[in-house]
Amino acid sequence: MPDKNDKPRVRFAPSPTGFLHVGSARTALFNWLYACHTGGTYLLRIEDTDLERSTEDATRQIIESLEWLGLMSDEPIEYQTRRAGIHREYLHRLLDMGRAYRCYCPKDKLDAMREDARRKGAIFAYRRGMFSGEESSRMEAAGAPCVIRFCAPEEGAVAFDDLVYGRIEVRLDTIGDFVIARGDGSPLYNFTNVIDDIDMGITHICRGEDHISNTSKQILIYEALGAARPRFAHLPMILGADKQKLSKRHGATGVMRFREMGILPGALVNFLALLGWAPSEAEFNEVMSMDEIIARFSLDRINKSPAVFDHEKLMWMNGMHIRRTPKERLHALVEPLLREQFGGGPEGFDPHTVVRNPALSDGEWLDGVIGLATERTRTLNDFGGILDFFFRAPARYDEKAVKKLLGAPEKVEFLRATAKHIDDSWDRALSSAHDPKLESSAAADQWCAAMEESLRSWSEAGGHKLGAAAQPMRLALTGRTASPPLFHCMWYLGRTETVRRIEACARSVSGD
Ligand code: GLU
C-alpha cells in the first residue's frame with residue numbers, strides 16, 4: 001500500500017533468467033537513487049513467474065550482485081511465484097466484471113486472421129466477437145484448451161506522459177484483446193506485473209525503454225480495475241562503443257564480472273548513474289560518491305537518447321575511486337588479492353618469500369607499498385602487477401634497458417659503487433626520519449628525501465647526474481624501467497634486500 005506520507009514507492013523487478021547485467025543494474029540503481037533522493041521506499045521483486053526460464057541460480061546471482069552494489073530492498077524481497085493467490089483473485093475479479101474472458105479461438109484460425117490482415121496491410125487486433133457463438137460454446141463444453149484475454153476498449157487512444165520520453169499515445173484499434181493468462185489461470189507478464197505494482201502500492205515505474213510497448217496495455221488493466229496509475233519513466237537504451245545494443249559481444253556485461261576485474265562497487269555505481277543521467281551543469285562533476293549522486297539525482301534529468309558504455313571511462317573512473325578510498329578500506333580490499341597472488345597465510349605474508357624493511361611492522365609495510373601503487377592503478381587487480389617486485393626479486397631484467405644502462409663494464413662498476421654508497425649512508429639518512437612523532441609514511445618520505453640528497457651529492461661529486469645512478473638501480477630492484485618512486489621502493493625493500501638486489505643484478509649482467 002502507498003506510504004502513509006505519500007512518499008514514492010519504487011521497485012526493481014528483474015526476471016531471474018540470467019546474470020544481472022549492466023542495463024538491469026542501471027535500472028535498479030535509478031530506482032534506488034530516486035527512492036533515496038525523495039525519502040521514498042525501494043523494493044525488490046523477483047519476477048519468477050515464467051517457470052521455464054527462471055532459475056534459482058539466477059535469483060541468487062542477482063541478489064548477490066545487488067548486495068555488492070549496495071542496492072538491496074528496503075523491505076523483504078517479494079517473489080512473484082509466492083503471490084499466486086493475489087494474481088488469481090484479481091483475475092477472477094476481471095472475469096466477474098466481464099473485463100476478461102476465456103477465448104477458445106484455435107491457433108489455426110488466429111493465424112489465418114492474422115495472415116488475412118497482413119495481406120490487406122491492416123493491423124491485426126483480436127476482438128472478442130471474432131470467435132464466439134456456437135462453435136466457441138461447443139469447444140468450451142468439450143474442455144478444449146483456451147486462454148484468458150483482457151477485454152480491451154476499441155475506440156480512442158490510451159496515452160501517458162512518460163517522465164523521460166514525454167507524451168506517448170497508442171490508438172486502441174491497434175491493441176486488441178491481449179492474453180493475460182493461460183487457460184489454467186496461470187497469469188502472464190503484463191498481468192502479474194500490473195497486479196503486483198497495484199498491490200505493492202508502487203507509485204513510479206522506472207524501467208528500460210523496451211517496456212514502453214507494454215505500458216499502454218498495462219494502463220488498460222489499471223483502468224479496468226479502477227486502480228491509481230503510477231508515473232512511468234523509461235530509461236534509454238545502453239549501446240556499446242560501436243553504437244550497437246550492448247551485448248556479450250562487447251565483453252563484460254555481467255555485474256559480478258566487474259567485481260572480478262577489480263572494479264569498486266562505488267565506481268560502477270558512479271559510472272552507471274551517468275548512463276542516461278547527468279547532474280545539472282552547476283553541480284557537474286563526473287566522479288561522485290553515492291551520497292553526492294543521491295543528492296543530485298532527479299528523474300527529469302534523464303536523457304532519452306541512448307547512452308554509450310565506454311569501457312575506458314569506467315577504468316578511469318575506477319582509478320579515481322581507488323584514490324578516493326580511505327586507506328584502511330583499500331588495504332582490506334587489496335591485501336587478500338596480494339595474498340592470493342603471492343602467497344601467505346592469514347597471519348601475514350610468508351617471511352621466507354617476502355624480504356622487507358625489518359624496521360616496519362607488517363601493517364606499516366603493507367600500507368606503505370599499497371600507497372606507492374595507488375596513484376598508478378585503474379583496478380584493484382593492478383596492484384599485484386605494480387608491486388610484484390616487493391614479493392619476489394626480479395627473475396630477469398628488461399633486456400633493452402640492460403643494454404642501455406649497463407652495457408659497459410664501467411657502468412656495472414658504477415652500479416656496484418652505488419650499492420656501497422647506499423649501504424654506507426642508509427643509517428645516516430635514517431637519523432633524519434627518526435622523529436618518533438612522525439607517522440610511518442612521513443618518516444619514509446623524510447628518509448627518501450635524505451637518501452636522494454645523499455645520492456645526488458655523491459653522484460655529482462663523481463661527475464655523474466643522479467639519473468645515471470638511479471635508473472640502473474631501478475632496473476636492479478624491480479627488473480623494469482618504470483616503477484613507483486625509486487627511493488620509496490628502496491625504503492620498503494629495506495637495506496639488506498636493496499643492496500642484495502643491486503649486487504645480484506651487477507653479477508648477472510657482468511656474468512660473474
Ligand atoms: N521482469 C521485467 C523485466 O525484467 C520487469 C519489467 C518492469 O520493470 O516492469 O524486464
Side-chain angles (χ1 to χ4, degrees), residues 8-35 40-63 65-66 69 71 73 77-84 86-87 90 150 158 160 162-165 168 178 180-181 186-222 225 227-238 245-247 253-255 272 275-276 299 302:
R9 273 174 77 83
V10 297
R11 71 349 181 234
F12 172 51
S15 302
T17 54
F19 299 127
L20 184 76
H21 54 80
V22 165
S24 310
R26 194 242 344 227
T27 301
L29 174 64
F30 280 26
N31 278 291
W32 193 87
L33 288 171
Y34 186 61
T41 306
Y42 159 88
L43 306 169
L44 174 60
R45 181 174 75 230
I46 304 286
E47 298 210 322
D48 52 357
T49 300
D50 183 346
L51 296 176
E52 269 155 39
R53 298 182 59 226
S54 305
T55 67
E56 275 180 28
D57 195 41
T59 301
R60 196 180 42 72
Q61 295 205 35
I62 289 172
I63 294 173
S65 304
L66 292 171
L69 290 169
L71 306 177
S73 188
I77 302 175
E78 292 280 354
Y79 292 85
Q80 210 162 43
T81 40
R82 299 181 196 165
R83 305 174 54 82
I86 298 167
H87 303 144
Y90 277 93
F150 177 76
V158 52
F160 63 100
D162 191 273
L163 292 167
V164 176
Y165 285 81
I168 294 178
F178 54 93
I180 54 173
S186 57
L188 300 185
Y189 164 70
N190 267 331
F191 180 72
T192 48
N193 184 267
V194 170
I195 300 310
D196 287 339
D197 284 336
I198 294 174
D199 187 68
M200 289 165 67
I202 300 303
T203 59
H204 293 72
I205 292 181
C206 183
R207 60 185 174 191
E209 54 83 56
D210 48 327
H211 285 287
I212 290 182
S213 58
N214 291 320
T215 308
S216 41
K217 290 180 186 164
Q218 294 180 343
I219 287 175
L220 295 178
I221 302 178
Y222 281 100
L225 289 166
R229 209 202 257 202
R231 303 296 311 271
F232 292 91
H234 286 93
L235 306 177
M237 239 197 285
I238 304 178
K245 197 166 188 257
L246 197 67
S247 73
T253 55
V255 164
L272 292 175
L275 289 179
L299 293 178
I302 297 175

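Every number for a ligand or one of its atoms is a count from 1 in the order of the listing. Starting from 1, each residue takes its place in the sequence as its number. Just the heavy atoms: all of them, side chains too, but no hydrogens, waters or symmetry mates, feed the values below.
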Review point. Looking at ligand 1, does N193 have a heavy atom less than 4.0 Å from it?
Key: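 N193: in contact with ligand 1 (<4.0 Å).
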
Exercise for review: Report yes or no: does Y189 have a heavy atom closer than 4.0 Å to ligand 1?
Suggested key: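 Flag set, Y189 near ligand 1.
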
In terms of residue, atom name and distance, what is the protein heavy atom nearest to [atom]?
atom                    : value
atom 8 (O) of ligand 1  : R11 NH1, 2.7 Å
atom 5 (C) of ligand 1  : A13 O, 3.1 Å
atom 10 (O) of ligand 1 : H211 NE2, 2.7 Å

**Study point:** Taking every non-hydrogen atom, the tightest pair across C206 and F30
**Key:**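 Reported closest heavy-atom pair: SG-CB, 4.0 Å.
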
Review point. Passes salt bridge (charged side-chain N to carboxylate O under 4.0 Å, His left out), D197 versus R45? Steps please.
Key: CA-CA 10 Å; D197 284 336; R45 181 174 75 230; 2.8 Å; yes

**Study point:** Side chains of S15 and E47, donor plus acceptor under 3.5 Å
**Key:**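 Short answer, no.
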
Review point. Considering the options T27, I46, I63, D48, which one meets the side-chain contact (heavy atoms from CB on, under 4.5 Å) requirement together with P14?
Key: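 Checked T27, I46, I63, D48 against P14; only one passes side-chain contact (heavy atoms from CB on, under 4.5 Å): I46.
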
Point to revise | Neighbour count above 12 (heavy atom, 6.0 Å) for F19 CZ | key: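 Incorrect, the count does not exceed 12.
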
Check your understanding: If you count the atoms of ligand 1 from 1 in the order shown, which ones are under 4.0 Å from a heavy atom of E47?
Key ->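 Atoms satisfying the 4.0 Å criterion: 1 (N), 2 (C), 5 (C).
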
